[in-house]
Amino acid sequence: MINQVNGTTRILGIIGYPVRHSLSPVMHNTALRACGLNYIYVPFEVAPEGLERAVNGLRALNVAGFNVTIPHKTRIMPYLDELDSSAVSAGAVNTVKNVSGRLIGYNTDGDGLVRSIDNQLACNVRGASIALLGAGGAARGAIAALCRAGASRIVIANRTHARAAELAALMAGQFPDTELNVTADFQELEARLADIDLLINTTSLGMNCDTQPCLRLTGLSRNAKVYDMVYAPPMTPLLQEAVGLGIQGVNGLGMLAAQGELAFTIWTGVTPPSDLMKGVLDGICGNQP
Ligand code: NAP
């Protein structure tokens, strides 16, 4: 176990604005200590107008890597030296690795979601019929990863139809094996839930003070699963609706942990102990694992 920073300590971090709410420093530093790795992970608050200078500064300081969060995930792309295919298909970067001074952008959010669905809901995405709420940044990464993982059909439901249609067209060009449909009518979706295996909320609905579920789930099979990317509060209105109907559902803490595990391995080559990061997050958020 490494206890103190010394002359050979490597630096990892997260850039965002704001960033002080981030759970990533405690999650990664716990895992780095558990793995006996001489790294430290720190938050960097970077305002939008300082992004390019910050990226060049991190390169000049030879940091080992860093995470990227709101509002920089898309805007950072032109400032990097290379993009992994995960970042290209998601249209966003959440992880950067420094390889001999070249900054390479990855996206682990989508694969983190698929890993969390598999681990926590025991749900195989391959061949699944999925309803996905939202068409923002989180939805794009999610859909790319779900298509890569072999989803047979995804219905994208979003308040702004044009945004969903644009996203579906973009994904259809890359993933012709997945059928993609679009609706802006949540009530219409409610009436078509019977053949859905997995329902995923990628919108911000359900955060903080929301009390009503963003969708009524009475039409969903009791064998279907519900994944809510929102994790504050831990029991969102959508999850309350699912649990009330006897449908298994989980919040987005598992995704947060899984994207972190994947980033950790990209930077260090080491796989953190299974469930360690999730356990840290559950402890902080008062989540029932
Ligand atoms: P974003 O790009 O701003 O997209 C927001 C989405 O929510 C859009 O689809 C938007 O619809 C929809 N929306 C917002 N307010 C709405 C309302 N009142 N009624 C209906 N739809 C509404 O944000 P994002 O980056 O995709 O993030 C979305 C959520 O995912 C956030 O809560 C974020 O915390 C969460 N997230 C979680 C994780 C995790 O690790 N668990 C990772 C990433 C994101 P319109 O297109 O119509 O505006």
Side-chain angles (χ1 to χ4, degrees), residues 14 16-19 21-24 27-28 67-76 86-87 90-95 107-117 119-121 131-146 154-168 170-171 182-187 189-190 199-216 226-239 249-264 277-278 280-282 284-285 287:
I14 180 166
Y17 192 78
V19 81
H21 64 282
S22 174
L23 303 175
S24 292
M27 178 173 87
H28 279 288
N67 281 131
V68 184
T69 189
I70 290 169
H72 304 314
K73 286 186 177 187
T74 300
R75 288 188 56 236
I76 195 172
S86 59
V93 165
N94 80 327
T95 300
N107 193 304
T108 67
D109 279 334
D111 287 343
L113 170 70
V114 171
R115 181 184 279 200
S116 175
I117 289 168
N119 286 347
Q120 295 181 267
L121 291 174
L132 184 139
L133 311 180
R140 181 168 166 170
I143 293 169
L146 293 164
I154 302 176
V155 183
I156 307 169
N158 194 53
R159 174 180 62 179
T160 309
H161 188 275
R163 209 174 175 195
E166 195 180 319
L167 183 55
L170 184 71
M171 292 296 156
V182 168
T183 181
D185 185 342
F186 280 35
Q187 283 182 337
L189 178 65
E190 285 173 355
L199 183 129
I200 304 173
N201 175 40
T202 77
T203 76
S204 44
L205 290 168
M207 288 178 79
N208 304 319
C209 301
D210 290 333
T211 53
Q212 293 300 312
C214 46
L215 201 74
R216 293 288 171 193
V226 174
Y227 198 100
D228 196 339
M229 272 197 199
V230 172
Y231 51 80
M235 182 56 92
T236 65
L238 185 68
L239 292 178
V250 291
N251 66 30
L253 272 185
M255 173 180 171
L256 188 62
Q259 64 75 31
E261 289 169 358
L262 293 165
F264 188 98
M277 289 188 172
K278 176 72 166 46
V280 170
L281 298 179
D282 287 338
I284 296 170
C285 299
N287 196 37

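Since this is a predicted model, take the numbers as computed values, not measurements. Atoms within a ligand are numbered from 1 in the order they appear, just like the ligands themselves. The analysis underlying the following values was restricted to heavy atoms, covering all of them including side chains, and did not include hydrogens, waters or symmetry mates. Residue numbers run from 1 in the order of the sequence given.
A side-chain contact (heavy atoms from CB on, under 4.5 Å) with Leu133 holds for exactly one of Leu205, Asn158, Ile156, Leu189; it is Leu189.
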Check ligand 1 for N or O atoms under 3.5 Å from a protein N or O and list each pair with its distance.
from	atom 1	to	atom 2	distance (Å)
ligand 1	2 (O)	Gly137	N	3.0
ligand 1	9 (O)	Ala135	N	3.0
ligand 1	9 (O)	Asn158	OD1	2.7
ligand 1	11 (O)	Asn158	OD1	3.2
ligand 1	18 (N)	Arg159	NH1	3.4
ligand 1	26 (O)	Gly137	N	3.2
ligand 1	26 (O)	Ala138	N	2.8
ligand 1	41 (N)	Met229	O	3.0
ligand 1	41 (N)	Gly252	O	3.0
ligand 1	46 (O)	Asn158	ND2	2.8
ligand 1	46 (O)	Arg163	NH1	2.8
ligand 1	47 (O)	Arg159	NE	3.0
ligand 1	47 (O)	Thr160	N	3.1
ligand 1	47 (O)	Thr160	OG1	2.5
ligand 1	48 (O)	Arg159	NH2	2.8

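Partners of Val250 under the side chain to side chain contact (heavy atoms under 4.5 Å, CB included) rule, at least two apart in sequence or in another chain, are Gln120, Leu121, Tyr227. Residues satisfying the salt bridge (charged side-chain N to carboxylate O under 4.0 Å, His left out) criterion with Arg115, sequence neighbours excluded, are Glu261. For Asp111, the salt bridge (charged side-chain N to carboxylate O under 4.0 Å, His left out) criterion is met by Arg148, not counting sequence neighbours.
Asn94 places a side-chain N or O within 3.5 Å of a backbone atom of Thr108 that can act as its donor or acceptor partner.
At a cut-off of 3.5 Å, with distance as the only test, a side-chain donor of Asn201 or Asp228 sits close to an acceptor on the other residue.
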